[in-house]
J.: 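One structure follows; several queries about it will come next.
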Protein chains: 2
Amino acid sequence: MTEIAADRNVLALTCPSRVIFARIGDRWTMFIVLALADRTMRFTELKNSIGPVAPKVLTETLRALEDDGLVARDSFPDSPPRVEYSLTDLGRSLLEPIAAMRAWAERHVPEVLASRERALD
Amino acid sequence: MTEIAADRNVLALTCPSRVIFARIGDRWTMFIVLALADRTMRFTELKNSIGPVAPKVLTETLRALEDDGLVARDSFPDSPPRVEYSLTDLGRSLLEPIAAMRAWAERHVPEVLASRERALD
DNA sequence: CTGAATCCGAAAGGATACTG
DNA sequence: CAGTATCCTTTCGGATTCAG
């Protein structure tokens, strides 16, 4: 009974890969992680560097990353308020597999896009 | 004028990484790719191995993968009909970065889930 | 400056029944 | 067997406005 039947299949919905691909696959997460790879950033700074993201969505995504322990949020009691976001050690460790995926993408996505366009006929 | 201003930023929406993460991040794509990593599979066979996916959704996902040149669809004029899906060379080349991401996930997602649960308080 | 609150449309995903 | 056709619910992302 210590063995859980539902875990026999690596394709189960709780599959670790599924969790991480779902997280990275969303609209802004990867841009945020990459922006924070170099340095700590403030909310508006982040907002300006990653593109036209609505504040609500940016907040949601940052909270999710924070909940997952990938991003740290540090607020300072200044006026005007100052909040800094940075990658945690866990978040930084994610940069390596991301780099592998990005390398593949740089090399092969043009092929993918070409194929996608051919499919429109 | 041969330089496109919008491409100056690696974080642009047409960023190759964005394209590939969006593709892999959807609900069933990764399961399909992993199922086809070992061998060619037929529609129902695929359906049975990846979980409770609606036929409509499986078809949509397979068509998208086919359009992107990652999966090949071969149909045979048999009765009853027989259709086989397999990874293309391009699709197989994607297995390597996926493996890197999966290795990270196997090692660190428990941490992520623990952190996520702590955040519920 | 850093969000929170509200409202909205589009899209993704799914249940079900049916067909060549 | 390998899908298509409908219909439906939920989720996601975004626009806008307001507040501490």
Side-chain angles (χ1 to χ4, degrees), chain A residues 11-15 18-19 21-33 35-36 40-68 71-86 116 119, chain B residues 11-15 18-33 35-36 39-68 71-86 116 119:
Chain A
L11 295 174
L13 297 184
T14 53
C15 172
R18 171 77 200 127
V19 172
F21 280 118
R23 157 61 66 240
I24 302 188
D26 83 343
R27 187 70 182 80
W28 296 105
T29 289
M30 194 197 45
F31 292 156
I32 292 174
V33 171
L36 295 180
T40 288
M41 292 185 89
R42 301 176 58 172
F43 188 87
T44 302
E45 200 174 10
L46 203 43
K47 179 167 161 25
N48 289 333
S49 43
I50 69 177
V53 55
K56 191 201 76 170
V57 176
L58 181 54
T59 300
E60 283 172 355
T61 309
L62 284 170
R63 290 273 183 276
L65 286 169
E66 200 191 343
D67 289 350
D68 287 358
V71 161
R73 176 184 185 277
D74 293 292
S75 68
F76 304 87
D78 299 5
S79 177
R82 179 164 59 99
V83 178
E84 298 193 337
Y85 293 93
S86 58
R116 194 177 288 186
Chain B
L11 296 175
L13 297 184
T14 53
C15 173
R18 171 76 200 129
V19 172
I20 192 60
F21 280 117
R23 158 60 67 238
I24 302 187
D26 83 342
R27 187 72 181 77
W28 297 104
T29 289
M30 195 197 44
F31 293 155
I32 293 174
V33 171
L36 295 180
R39 60 186 184 85
T40 288
M41 292 184 89
R42 301 176 59 169
F43 187 87
T44 301
E45 201 174 8
L46 203 43
K47 179 166 159 30
N48 289 333
S49 44
I50 68 177
V53 56
K56 192 201 76 170
V57 175
L58 181 54
T59 300
E60 284 172 355
T61 308
L62 284 170
R63 291 274 183 274
L65 286 169
E66 199 190 345
D67 288 351
D68 287 357
V71 161
R73 176 183 184 279
D74 293 291
S75 70
F76 305 86
D78 299 6
S79 178
R82 179 163 59 98
V83 177
E84 298 194 337
Y85 293 93
S86 58
R116 194 178 287 187

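Here is the naming used below: chain letters follow the sequence lines, and residue numbers restart at 1 for every chain. All figures in this text were calculated on a predicted structure; none of them were measured in a lab.
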J.: Mind listing the closest non-hydrogen atom pair of S49(B) and M41(B) along with its distance?
T.: OG-CE, 3.2 Å
J.: Expressed as a whole number of angstroms, how long is the span from K56(A):NZ to dC1(C):C1'?
T.: 20 Å
J.: Please tell me if the side chains of L62(B) and L46(B) come closer than 4.5 Å, counting only heavy atoms from C-beta onward.
T.: yes
J.: Classify the nucleic acid contact of K47(B) as base, sugar-phosphate or nothing, counting any heavy atom under 4.0 Å across all strands shown.
T.: nothing
J.: May I ask you to verify if any side-chain N or O of R42(A) is less than 4.0 angstrom from the OP1 or OP2 atom of dT2(C)?
T.: yes
J.: Round to the nearest Å and state the distance from F31(A) atom CZ to dG13(D) atom P.
T.: 12 Å
J.: Whole angstrom is fine here: how far is it from CG in N48(A) over to C1' in dT2(C)?
T.: 13 Å
J.: Do R42(B) and K47(B) pass the side chain to side chain contact (heavy atoms under 4.5 Å, CB included) test, and can you show the C-alpha distance, the side-chain angles, and the key distance before you say yes or no?
T.: CA-CA 8 Å; R42(B) 301 176 59 169; K47(B) 179 166 159 30; over 6 Å; no
J.: Reckon T59(A) has a side-chain N or O less than 4.0 Å from the OP1 or OP2 of dG3(C)?
T.: no
J.: Take the protein atom CZ of R23(A) and the nucleotide atom P of dC12(D), then report the distance between them rounded to whole Å.
T.: 10 Å
J.: Counting just side-chain N and O atoms, does W28(B) come under 4.0 Å of either OP1 or OP2 of dA12(C)?
T.: no
J.: Between G25(A) and P55(A), which residue's closest nucleotide on DNA chain D lies nearer the 5′ terminus?
T.: G25(A)
J.: Knowing that exactly one of L58(B), N48(B), V83(B) qualifies, which makes a side-chain contact (heavy atoms from CB on, under 4.5 Å) with F43(B)?
T.: L58(B)
J.: Report the distance from atom CG of L46(A) to atom P of dT2(C), rounded to the nearest whole Å.
T.: 10 Å
J.: Answer with base, sugar-phosphate or nothing: what part of the nucleic acid does Y85(B) contact at a heavy-atom distance below 4.0 Å?
T.: sugar-phosphate
J.: Give V57(B) one of three labels, base, sugar-phosphate or nothing, depending on what nucleic acid heavy atoms sit under 4.0 Å from its own.
T.: base
J.: E60(B) has an atom CD; how far is it from atom P of dA12(C), in whole Å?
T.: 8 Å
J.: Restricting to non-hydrogen atoms, name the atom on R23(A) and the atom on R116(B) that form the minimum distance, rounded to 0.1 Å.
T.: NH2-NH2, 4.1 Å
J.: Please state how far atom CG in D26(A) lies from atom C1' in dG13(D), giving the value in whole angstrom units.
T.: 10 Å
J.: On DNA chain C, check which nucleotide each of V53(B) and P81(A) is closest to and give me the residue with the more 5' one.
T.: P81(A)
J.: Within the structure, does a side-chain N or O atom of R63(A) lie under 4.0 Å from either OP1 or OP2 of dG3(C)?
T.: yes
J.: Provide, to the nearest angstrom, the distance between the CZ atom belonging to R27(A) and the C1' atom belonging to dA12(C).
T.: 15 Å
